[in-house]
Amino acid sequence: MSIEYEEQLAGSLVDSFPKDFGYGVENMDMMQENLENSPSADNKPRILLMGLRRSGKSSIQKVVFHKMSPNETLFLESTNKIYKDDISGSSFVNFHIWDFPGQVDFFDPTFDYEMIFRGTGALIFVIDAQDDYVEALGRLHLTVSRAFRVNPEINFEVFIHKVDGLSDDHKIETQRDIHQRANDDLADASLEKLHLSFYLTSIYDHSIFEAFSKVVQKLIPQLPTLENLLNIFISIPFLSNSGIEKAFLFDVVSKIYIATDSSPVDMQSYELCCDMIDVVIDVSCIYGLKDDGNGNAYDKESLAIIKLNNTTVLYLKEVTKFLALVCILREESFERKGLIDYNFHCFRKAIHEVFEVSSSTQRTGAAVGNGLARLKSTALNGTPRSLV
């Protein structure tokens with residue numbers, strides 16, 4: 001494997017990486033008085049992490065959003081109060097995570113559960129697949145049924161967690177059993193309209209990042225626009241037969257991909273892209289800062305090219321402050337790097353326009369249309385052509 005890496009420092013974007021390259025400070029003192037006040041403070045969507053004690057909720061949060069090593073989570077203390085984590089990596093990944101302790105009865109009269117669920121975008125219920133999950137299924141049904149009656153718009157997600165210790169056959173059987181029992185309970189309660197999404201997850205591989213990507217994507221109103229831009233980017237006429245095979249738009253902090261093109265996601269390709277982001281971050285932290293330690297490890301000049309020994313090329317470029325485009329393409333297609341770079345420039349400009357106009361519905365349509373038009377107006381030789 002050969003690696004070409006270009007890194008120049010510019011602008012004030014990200015102060016540092018590895019563990020300091022995170023999303024901010026956790027509020028460790030949020031109890032009932034905070035629950036009553038914080039929802040009105042801003043309009044960020046809220047993700048609730050719920051489940052029984054020791055199911056792995058806090059470990060998931062620490063690994064995905066705070067770059068904690070999975071082995072370090074073994075030393076985490078059990079959560080005994082509600083933690084609020086403000087995730088603000090970019091305008092697309094911008095939400096709160098509330099981690100509920102398993103032993104707290106949030107349906108107690110002292111808790112305003114209607115207020116909690118009313119402002120929630122997604123509810124993630126974590127089930128320990130290595131434990132007896134009968135009690136967990138009962139708590140799952142109680143939680144989602146109460147939440148659905150308060151807010152039918154919530155996305156209900158079930159993480160069948162800690163599957164790293166199970167065989168492939170056992171994983172499939174466990175998922176089938178939990179899926180069947182949970183949906184049977186909903187049918188018995190006449191809640192057929194309540195949809196549960198199930199994911200097999202583990203903090204020891206990329207499955208937890210894949211699952212959280214799916215959860216976060218449902219909270220991004222600009223997702224159809226982003227997917228459309230990526231589809232156009234990889235299907236430019238002169239690249240359609242031998243060009244980019246897959247493209248991801250990553251949040252480099254969490255390695256969550258907030259959008260991808262319409263082709264199916266191959267887990268191995270996703271893992272390669274995640275590993276590439278780790279390489280860029282690690283190399284940037286070692287060699288990308290000034291001699292005095294100042295500067296930024298990830299900025300608008302960040303670029304990485306990794307050539308694998310199977311004629312595959314991984315190509316990463318900075319899109320915004322926290323977003324990166326990672327592409328998988330064949331080596332012969334990379335000979336047209338100038339054309340790819342030009343279309344990437346059009347793609348990045350369109351993404352920035354989506355950022356700028358996201359608060360205005362009228363302006364959004366015009367800006368995205370301009371970005372799409374620039375991509376579509378590229379001639380076969382890579383030069384712009386006038387729109388008719």
Side-chain angles (χ1 to χ4, degrees), residues 1-5 17-19 21 56 59-73 89 93 129 157 159-168 171-172 175 197-217 226-227 230 234 244-285 298 302-319 322-331 333-334:
M1 177 185 296
S2 63
I3 300 178
E4 299 176 29
Y5 188 81
F17 277 83
K19 293 187 177 179
F21 185 40
S59 298
I60 291 173
Q61 180 186 1
K62 294 292 187 180
V63 169
V64 175
F65 296 107
H66 295 281
K67 299 184 69 65
M68 178 178 285
S69 167
N71 292 326
E72 292 181 48
T73 62
V93 184
E157 321 286 350
F159 284 6
I160 304 172
H161 197 48
K162 302 182 182 179
V163 297
D164 50 278
L166 306 180
S167 65
D168 291 342
K171 290 178 186 178
I172 296 173
Q175 183 176 22
S197 299
F198 297 86
Y199 308 88
L200 293 171
T201 62
S202 170
I203 59 174
Y204 291 96
D205 56 32
H206 292 86
S207 59
I208 189 61
F209 297 96
E210 166 84 4
F212 239 107
S213 296
K214 299 294 186 182
V215 173
V216 170
Q217 287 170 22
L226 300 178
E227 292 178 340
L230 287 167
I234 70 170
I244 300 172
E245 297 179 351
K246 190 67 182 172
F248 294 94
L249 189 60
F250 270 97
D251 172 38
V252 295
V253 178
S254 62
K255 293 185 290 188
I256 286 176
Y257 69 94
I258 66 170
T260 185
D261 59 89
S262 58
S263 61
V265 176
D266 175 60
M267 193 63 181
Q268 185 177 11
S269 299
Y270 173 67
E271 291 174 357
L272 279 173
C273 294
C274 288
D275 292 341
M276 182 182 194
I277 292 174
D278 286 335
V279 170
V280 172
I281 291 176
D282 292 341
V283 173
S284 297
C285 289
Y298 181 81
S302 293
L303 165 68
I305 302 165
I306 297 180
K307 296 181 179 179
L308 306 180
N309 56 10
N310 60 353
T311 71
T312 299
V313 176
L314 304 179
Y315 186 45
L316 179 148
K317 289 198 75 171
E318 184 265 1
V319 177
F322 286 107
L323 297 182
L325 179 70
V326 183
C327 302
I328 301 174
L329 64 159
R330 289 192 288 273
E331 192 169 1
S333 303
F334 200 67

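As the structure is a prediction and not an experimental result, all values here were calculated from the model.
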Gap separating the [atom1] atom of [X] from the [atom2] atom of [Y], nearest 0.5 angstrom:
X: Tyr257; Y: Leu325; atom1: OH; atom2: CG; result: 14.5 Å
X: Asp205; Y: Asp164; atom1: CG; atom2: CG; result: 7.0 Å
X: Phe248; Y: Leu230; atom1: CZ; atom2: CG; result: 10.0 Å
X: Glu72; Y: Lys62; atom1: CD; atom2: NZ; result: 10.5 Å
X: Ile208; Y: His161; atom1: CD1; atom2: NE2; result: 5.5 Å
X: Thr312; Y: Lys307; atom1: OG1; atom2: NZ; result: 12.5 Å

Give the ring-plane orientation class for Phe212 versus Phe159, where under 30° counts as parallel, over 60° as perpendicular and anything between as tilted.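 Geometry flag for Phe159 against Phe212: perpendicular rings.
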Which is it for Ile203 and Ile60 under the side chain to side chain contact (heavy atoms under 4.5 Å, CB included) test, yes or no, and what are the steps along the way? CA-CA 7 Å; Ile203 59 174; Ile60 291 173; 4.3 Å; yes
Validation row: [X], [Y] side chains within 4.5 angstrom (heavy atoms):
X: Ile328; Y: Leu314; result: yes
X: Val265; Y: Glu210; result: yes
X: Lys171; Y: Ile160; result: no
X: Ser207; Y: Leu200; result: no
X: Asp266; Y: Lys246; result: no
X: Leu308; Y: Leu272; result: yes

Which heavy-atom pair separates [X] from [Y] by the least distance, and what is that distance?
X: Asp275; Y: His206; value: OD1-NE2, 3.6 Å
X: Gln217; Y: Ile258; value: CG-O, 3.3 Å
X: Glu227; Y: Thr260; value: CG-O, 3.5 Å
X: Ala324; Y: Val319; value: C-CG2, 4.0 Å
X: Ile306; Y: Met276; value: CD1-CG, 3.6 Å
X: Val252; Y: Ile277; value: O-CG2, 3.9 Å

Within the distance-only criterion (no hydrogens, no angle test), does the side chain of Ser254 pair as donor or acceptor with the backbone N or O of Val64 below 3.5 angstrom?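 Pair absent, no side-chain N/O of Ser254 close to backbone of Val64.
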By ring pair (Phe, Tyr, Trp, His ring centres under 6.0 Å) - contacts of Tyr315 (at least two apart):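 With sequence neighbours excluded, Tyr315 shows a ring pair (Phe, Tyr, Trp, His ring centres under 6.0 Å) to Phe334, given in chain and number order.
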Who pairs with Phe209 by ring pair (Phe, Tyr, Trp, His ring centres under 6.0 Å), at least two apart in sequence or on another chain?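 Phe209: no ring pair (Phe, Tyr, Trp, His ring centres under 6.0 Å) contacts found.
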Please name all residues satisfying side chain to side chain contact (heavy atoms under 4.5 Å, CB included) with Thr311, sequence neighbours left out, ordered by chain then number.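 Per chain and number, Thr311 pairs via side chain to side chain contact (heavy atoms under 4.5 Å, CB included) with Glu331.
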